[in-house]
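One structure is given here, and the rest of the page talks about it.
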Protein chains: 2
Amino acid sequence: MVVTIKDVARLAGVSVSSVSRTLASPESVRPGTRERVLRAAAEVGYSPNAAARALTTGRTYNVGLVVPDLANPFFPTVVKAIQSRAREFDYSVLLVDTDEDPSAEVELIRKLVKQVDGFLLCGPRAADEDLRSFIGETPVVTVNRRVGPIPSVICDHTDGVRQAVGHLAALGHRAIAYVGGPRASAVNRERARGLRSMCTSMGIELVDLGNAAPNFDGGAAAADLVLAAPVTAVLAYNDLQALGLVSRFKERGASVPEQISVVGFDDIPLAGQVSPRLTTIAQRGDLLGRAAVDLLLDLLQDRVGAGGPRRVMPTQLIVRGSTGPAAA
Amino acid sequence: MVVTIKDVARLAGVSVSSVSRTLASPESVRPGTRERVLRAAAEVGYSPNAAARALTTGRTYNVGLVVPDLANPFFPTVVKAIQSRAREFDYSVLLVDTDEDPSAEVELIRKLVKQVDGFLLCGPRAADEDLRSFIGETPVVTVNRRVGPIPSVICDHTDGVRQAVGHLAALGHRAIAYVGGPRASAVNRERARGLRSMCTSMGIELVDLGNAAPNFDGGAAAADLVLAAPVTAVLAYNDLQALGLVSRFKERGASVPEQISVVGFDDIPLAGQVSPRLTTIAQRGDLLGRAAVDLLLDLLQDRVGAGGPRRVMPTQLIVRGSTGPAAA
DNA sequence: CAAGATTCTGAAACCGATTCCTGACTGAGG
DNA sequence: CCTCAGTCAGGAATCGGTTTCAGAATCTTG
């Protein structure tokens with residue numbers, strides 16, 4: 001049988017109120033009582049029923065975590081960090097994978113709204129107005145996306161792009177291509193925008209190759225477009241794409257970085273392990289996840305964190321073997 | 001304000017019981033009433049409070065999902081499948097990543113036990129007796145591990161090993177090495193055991209290189225051991241290790257598969273995309289996850305599935321470029 | 001059309017906690 | 001020794017649903 005607070009109360013010879021109080025704020029109860037209650041609780045192995053607690057307090061101690069695609073190695077890093085940080089505060093994580101589907105995303109959030117105290121939306125794909133519709137209803141923190149007044153934790157992608165373009169320019173590249181990610185991805189839009197303005201200001205020609213799937217095959221498919229374009233370097237939306245590019249370049253006999261330089265995004269674990277090792281713009285998924293949890297928890301406590309409702313994390317260009325001087 | 005069942009009842013001009021009934025079993029209520037209730041519910045945008053429901057029914061509609069390490073690309077596949085299958089039945093997934101720590105695993109399960117209807121334990125690392133201690137307390141399904149009478153969904157790793165050894169033997173290999181995974185991994189034990197018996201019966205010499213970390217670096221570290229051993233082929237505990245092996249072999253100037261053949265395990269997405277493409281023993285994480293959810297849900301309905309409390313999924317050797325005829 | 005069978009509906013108990021409110025007890029001070 | 005303030009503990013209401021039970025409404029049937 002399940003043991004409830006009543007069992008503990010009976011065993012300790014006190015009322016349920018006293019048990020509840022003892023567990024919630026031990027100092028509000030006399031030492032003798034406290035002693036007996038704790039002993040009784042330990043004896044029967046009592047642990048409170050989360051549903052009952054949620055019902056009275058209105059707090060579930062759950063957070064909803066929404067990711068577009070767990071198969072993208074960047075997200076597990078974030079999810080791990082979120083899960084572990086949330087646990088520290090006794091919060092559990094309800095995970096939802098939307099498979100890059102904006103409408104599924106909205107629907108799933110709707111369904112979960114009563115089961116969680118708030119949401120962490122990683123790279124949400126839904127439209128701004130849909131996301132905005134949740135404000136007021138439930139606390140939300142977006143990760144790597146900025147939507148109006150919604151608190152967010154983002155990486156400074158613009159700065160990352162700046163570093164990458166600077167790096168390529170220094171290597172003598174005068175024309176570079178960009179392989180885009182999902183149209184619905186805010187990160188993609190921000191990178192593309194940053195890239196345009198950066199290239200313009202540095203006098204570098206930018207060839208936009210449109211949107212490709214944010215995975216290995218998407219990159220491989222785009223590789224031939226790159227080779228057909230008058231460029232000596234290519235930036236990919238993420239590392240998986242970059243790996244796909246490199247792989248297809250090899251097949252086509254285009255050597256990296258001698259003939260073409262490749263820059264990825266994210267610095268997934270494998271990026272530094274393949275050959276050639278991938279030059280990439282790193283974002284620290286673990287820091288991102290941790291900061292997102294902290295921000296959401298601040299929100300839940302009604303203390304808007306000292307850092308305000310948005311936090312920006314640095315990005316860093318990691319130069320490895322996939323970039324080199326521009327081909328003549 | 002939040003809308004409750006009372007608001008719906010008032011608006012529809014019926015009692016809360018009728019609203020509850022209408023939503024739970026529409027056929028038990030007169031069409032006219034049903035009509036009004038549904039209209040009212042839609043109008044105010046009612047959705048039931050999960051905590052309240054859990055309190056009365058004793059069912060949370062949550063399942064606990066425990067994985068050792070989400071960063072291992074095999075697990076996201078499983079998690080995605082589990083999440084999506086669970087959603088079909090309106091179950092939510094509480095995700096826990098134990099970071100390969102057996103004691104954390106037990107502790108986390110304990111903490112979640114009141115919040116879920118049951119657990120899915122993917123490749124649990126805890127000791128048999130610890131896992132057994134949960135039986136009776138809460139429904140549990142283990143994935144890729146068999147513990148006494150606990151219902152489980154596993155891949156036929158022994159058969160996978162059989163296929164791999166047969167493949168290598170046919171290629172003329174007479175001595176092979178095995179790079180092990182985590183000591184706490186049941187899959188590792190099963191593979192090692194199957195490997196031993198298979199090699200014995202086929203007259204192939206097996207060199208056990210002990211346990212390595214189940215990731216790229218673990219494989220890279222083991223590569224030198226492999227080269228120092230009198231073998232012409234190596235089986236790794238998983239694909240990440242295999243990739244690490246290949247990478248380090250390249251650095252050492254040992255060509256794959258000419259000088260040494262490499263076989264991985266799992267068939268993670270990248271396995272078919274690197275060069276040389278990895279020969280590997282595939283296990284379908286998606287099928288595994290889906291079957292695990294179905295089994296757990298059967299358990300929760302007290303109908304032990306037609307397939308009984310254990311289900312075995314096939315494994316399949318995928319022959320690609322990393323294996324070839326044994327070096328002379 | 002009345003009586004009995006059947007179908008629907010509403011009132012109320014209940015799930016397991018939290019928390020407000022009140023009364024009992026304690027100790028201090030006069 | 002009595003009063004009063006302050007501390008501590010218990011009773012009861014409450015959260016938002018589900019479900020049992022009994023009575024009301026409807027339908028059959030003779």
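In this text the structure is predicted, and so the values were computed from the model without any measurement. Below, chain A is the first sequence line, B the second, and so on; all start at residue 1.
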I'd like to know if [X] pairs up with [Y] as an ion pair, taking the criterion as any Lys NZ or Arg NE/NH1/NH2 lying under 4.0 Å from an Asp or Glu carboxylate oxygen.
X: B:Glu43; Y: B:Arg39; result: no
X: A:Asp294; Y: A:Arg311; result: no
X: A:Arg85; Y: A:Glu88; result: yes

Separation of atom [atom1] in [X] from atom [atom2] in [N], rounded to whole Å:
X: A:Glu27; N: D:dA9; atom1: CD; atom2: P; result: 12 Å
X: B:Arg53; N: D:dG16; atom1: CZ; atom2: C1'; result: 11 Å
X: A:Leu55; N: C:dT18; atom1: CG; atom2: P; result: 11 Å
X: A:Arg21; N: C:dT19; atom1: CZ; atom2: C1'; result: 9 Å
X: B:Gln115; N: C:dG16; atom1: CD; atom2: P; result: 16 Å
X: B:Arg30; N: C:dT6; atom1: CZ; atom2: P; result: 18 Å
X: A:Arg10; N: D:dG10; atom1: CZ; atom2: P; result: 14 Å
X: A:Ile5; N: C:dT19; atom1: CD1; atom2: P; result: 11 Å

Does A:Ser20 reach a base, just sugar-phosphate, or nothing at all? Heavy atoms under 4.0 Å.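 Base contact.
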Checking all strands, does A:Ser18 fall into the base, sugar-phosphate, or nothing category for heavy-atom contacts under 4.0 angstrom?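 The answer is sugar-phosphate, as A:Ser18 gets under 4.0 Å only of primed atoms, P, OP1 or OP2.
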Minimum-distance nucleotide to A:Asn49 side chain [options: C:dA11, C:dA17, D:dG16]: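 Nearest to the side-chain atoms of A:Asn49, counting from C-beta on, is C:dA17.
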Is A:Thr56 close enough to C:dA17 that one of its side-chain N or O atoms is under 4.0 Å from OP1 or OP2 there?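 False: A:Thr56 side-chain N/O out of range (4.0 Å or more) of C:dA17 OP1/OP2.
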For C:dG16, does OP1 or OP2 lie under 4.0 Å from any side-chain N or O of A:Tyr46?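 For A:Tyr46, the contact criterion (side-chain N or O under 4.0 Å from OP1 or OP2 of C:dG16) is not met.
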Starting at the 5' end of DNA chain D and moving along, which residue's nearest nucleotide shows up first, A:Val14 or B:Thr4?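 Nearest-nucleotide comparison on DNA chain D picks A:Val14.
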Quick one: on DNA chain D, does B:Ala51 or B:Ser17 contact a more 5' nucleotide (nearest heavy atom)?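 That would be B:Ala51.
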Of B:Ser28 and B:Ala52, the one whose closest DNA chain C nucleotide lies more 5':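 Nearest nucleotide further toward 5': that of B:Ser28.
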Just by distance, no angles: are the side chains of A:Asp286 and A:Thr77 close enough, under 3.5 Å, to form a donor-acceptor pair?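 The criterion, which ignores hydrogens and geometry beyond distance, is not satisfied for A:Thr77 and A:Asp286.
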When you measure from the centre of the six-membered ring of A:Tyr91, is the NZ or CZ of A:Arg87 under 6.0 Å away and within 45° of the axis?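 No.
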